[in-house]
Amino acid sequence: MPTQPARPFLGFVLAAMLALVSGPSPTTAQTKPKILQTGIEAPASAIFIGNSFFYYNNSLHNHFILLLRSADANSKFRATSATISGSGADWHDVESYFRPNAIGAYSFDANNNIVFNKLDRLFDLAIMMDCSQCPIHPQLKSVFVEFSKKHSASVRKHGAVPVYFMSWAYADKPEMTAELAEAYTKAGNDDGVFVVPVGLAFAKSIERRPELNLHAADKRHPSLAGTYLAATTLYAALFKRSPVGLKYGAGLDEATAKHLQSVAWDTVQDYFGTRP
């Protein structure tokens with residue numbers, strides 16, 4: 001009697017071969033991060049150094065602060081955004097951002113009174129992002145490597161902790177996700193710097209809810225949902241706490257906000273290998 005072909009086994013082999021050809025999922029990083037925390041359990045201040053990806057939608061740092069207040073009404077987190085439109089890392093003079101009596105020297109209270117700050121340390125964290133394609137551009141990726149290392153050294157010299165903000169792929173170039181994840185993770189490992197996997201969160205959200213637009217009309221900058229996802233991912237990564245259930249939703253509907261909160265938390269756990 002002729003034997004029947006081993007179809008289940010053949011199907012398994014084909015699936016395995018397809019996985020090898022297609023490579024790692026675009027929602028996970030191929031290289032694993034070595035730096036799993038910033039070393040500051042409860043950071044109280046940060047400077048955001050980057051470009052328009054940060055300042056769109058009334059600036060990422062403002063949404064981040066509102067998330068923190070949603071988690072703790074007594075939060076006094078202080079943040080400043082130092083951004084240049086279209087800039088790469090080499091456009092920024094990070095050393096100058098820490099000069100005395102300049103950035104952070106004063107602020108304004110709820111009644112618009114000027115408050116002159118007396119600070120033991122200007123910032124706990126410096127959250128840095130290169131231009132959207134600089135880390136993977138053939139002519140600029142060496143600049144990304146050079147200035148990430150240079151700026152991290154400047155930040156540390158002034159008693160702050162550098163953080164790399166992994167940016168996201170353009171809406172019409174999803175292949176950028178894996179490339180950016182690899183570039184930022186490798187730089188973080190080489191420089192001993194903590195990386196926030198925002199780009200991977202974008203990919204995971206698109207995988208789960210492709211109809212939810214995370215990009216502005218130019219397919220590059222973030223929509224409000226994209227900025228909110230970036231803020232929740234930053235919250236989850238820095239504080240190692242789930243943002244799911246936080247009341248601040250940036251004006252998004254409750255279901256969308258909860259989806260983005262869940263994506264942020266799942267991405268952070270997957271990236272750092274802490275999922276139960």
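In this structure, the side chains of Arg209 and Val263 stay at 4.5 Å or more apart for every pair of heavy atoms. In this structure, the side chains of Val155 and Phe98 come closer than 4.5 Å at one or more pairs of heavy atoms. When side chains are defined from C-beta on, Tyr271 counts as touching Val195, because their heavy atoms get closer than 4.5 Å. Residues Arg275 and Asp266 meet the side-chain proximity criterion, which asks for heavy atoms closer than 4.5 Å.
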| said: Is there a side-chain contact (heavy atoms from CB on, under 4.5 Å) between His92 and Phe147? Walk through the geometry before answering. | reply: CA-CA 9 Å; His92 286 276; Phe147 278 84; over 6 Å; no
Margin query: Walk me through whether Thr80 and Phe123 qualify under side-chain contact (heavy atoms from CB on, under 4.5 Å).
Written below: CA-CA 9 Å; Thr80 294; Phe123 297 109; 4.0 Å; yes
(request) Go through the steps for Ser107 and Asn117 under the test side-chain contact (heavy atoms from CB on, under 4.5 Å), then give the verdict. (result) CA-CA 7 Å; Ser107 54; Asn117 299 315; 3.5 Å; yes
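The disulfide bond (SG atoms under 2.5 Å apart) pairs that include a residue from residues 76-113 number zero, where partners must be two or more places apart or lie in different chains. Under the disulfide bond (SG atoms under 2.5 Å apart) criterion, no residue pair touches residues 186-229, with sequence neighbours excluded. Each disulfide bond (SG atoms under 2.5 Å apart) pair with one or both residues in residues 67-100, not counting sequence neighbours, would appear here, but there are none. Sorted by first and then second residue, the salt bridge (Lys or Arg N to Asp or Glu O under 4.0 Å) pairs involving residues 95-124 (not counting sequence neighbours) are Glu95-Lys157, Arg121-Asp124. Sorted by first and then second residue, the salt bridge (Lys or Arg N to Asp or Glu O under 4.0 Å) pairs involving residues 68-86 (not counting sequence neighbours) form an empty list. Applying the salt bridge (Lys or Arg N to Asp or Glu O under 4.0 Å) test to pairs two or more places apart or on separate chains, those with a residue in residues 186-200 are Lys149-Asp191, Lys186-Asp190. Sequence neighbours left out, the pairs with a member in residues 65-89 that pass ring pair (Phe, Tyr, Trp, His ring centres under 6.0 Å) are Phe64-Phe77.
The other residues sharing a hydrophobic cluster with Ile114 are Tyr106, Phe108, Phe116, where clustering joins ILVMFWY side chains under 4.5 Å apart. Tyr55 forms part of a hydrophobic cluster together with Tyr56, judged by ILVMFWY side-chain heavy-atom separations under 4.5 Å.
Side chain of Ser167 to main chain of Val198: no donor-acceptor pair is present (N/O by atom type, distance under 3.5 Å, no hydrogens or angles). Remark: side-chain polar atoms of Asn57 are paired, donor with acceptor, to backbone N or O of Ser223 under 3.5 angstrom. Side-chain N or O atoms of Thr177 include none that pairs as donor or acceptor with a backbone N or O of Ala203 at under 3.5 Å. Of the possible polar contacts, none joining the Ser85 side chain to the Ser52 backbone as a donor-acceptor pair under 3.5 Å is found. No donor-acceptor pair closer than 3.5 Å links the side chain of Gln261 to the backbone N or O of Ser242.
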Donor-acceptor pairs under 3.5 Å, side chain of residues 127-146 to any protein atom, not counting sequence neighbours: which ones?
residue, atom, partner, partner atom, Å
Asp130, OD1, Ala89, N, 2.7
Ser132, OG, Tyr170, OH, 2.6
His137, ND1, Gln139, N, 3.0

Show the atom names and distances, to 0.1 Å, of all donor-acceptor pairs under 3.5 Å that link a side chain in residues 229-237 to residues at least two apart or in another chain.
residue, atom, partner, partner atom, Å
Thr232, OG1, Tyr228, O, 3.1
Thr232, OG1, Leu229, O, 3.0
Thr233, OG1, Leu229, O, 2.8
Tyr235, OH, Arg241, NE, 3.3

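A chain of hydrophobic side-chain contacts below 4.5 Å, direct or via other Ile, Leu, Val, Met, Phe, Trp or Tyr residues, connects Leu246 to Val268. In the hydrophobic cluster analysis, where Ile, Leu, Val, Met, Phe, Trp and Tyr join through side-chain heavy atoms closer than 4.5 angstrom, Ile47 is grouped together with Phe239. Under the 4.5 Å side-chain heavy-atom criterion for ILVMFWY residues, a single connected hydrophobic cluster contains both Ile40 and Ile49.
When only modelled atom types and interatomic distance are considered, Tyr184 and Ser148 share no side-chain donor-acceptor pair under 3.5 Å. In this model, a donor atom of one side chain and an acceptor atom of the other lie less than 3.5 Å apart for Tyr164 and Ser152. No hydrogens or angles considered: a donor-acceptor pair under 3.5 Å links the side chains of Thr256 and Asp253.
Put simply, OH on Tyr248 and CG on Leu66 are 4.5 Å apart, with the number rounded to the nearest 0.5 Å. To the nearest 0.5 Å, atoms CD (Glu179) and CD (Glu182) are separated by 10.0 Å. Once rounded to the nearest 0.5 Å, the distance linking NZ of Lys240 with OG1 of Thr274 reads 7.0 Å. Going from atom CG of Leu224 over to atom CG of Leu252 covers 4.5 Å, rounded to the nearest 0.5 Å. If you take CG on Leu260 and NZ on Lys258, they are separated by 12.5 Å, rounding to the nearest 0.5 Å.
Across every non-hydrogen atom of Asp93 and Ser96, the tightest pair is O-OG, 2.7 Å. Of all the heavy atoms in Ala225 and Leu212, the pair that sits closest is CB-CD1, 4.3 Å. Here the closest non-hydrogen pair linking His158 and Ser154 is CD2-O, 3.1 Å. When every heavy atom of Met166 is checked against every heavy atom of Thr185, the shortest pair comes out as CE-OG1, 3.9 Å. Pro162 and Arg156 get closest at one heavy-atom pair: CD-CG, 3.7 Å. Heavy-atom minimum distance, Val163 versus Leu125: CG2-CD2, 4.2 Å.
For the side-chain contact (heavy atoms from CB on, under 4.5 Å) test with Thr267, the passing option among Ser262, Ser205, Pro197 is Pro197; the others fail.
Taking a 6.0 Å sphere around CG of Asp218, one finds it holds more than 12 heavy atoms contributed by other residues, nucleotides or ligands.
Note: Phe194 and Phe272 have parallel aromatic rings, judged against thresholds of 30 and 60 degrees for the angle between ring planes.
For Phe165, the ring pair (Phe, Tyr, Trp, His ring centres under 6.0 Å) partners two or more places apart in sequence, or in a different chain, are Phe54.
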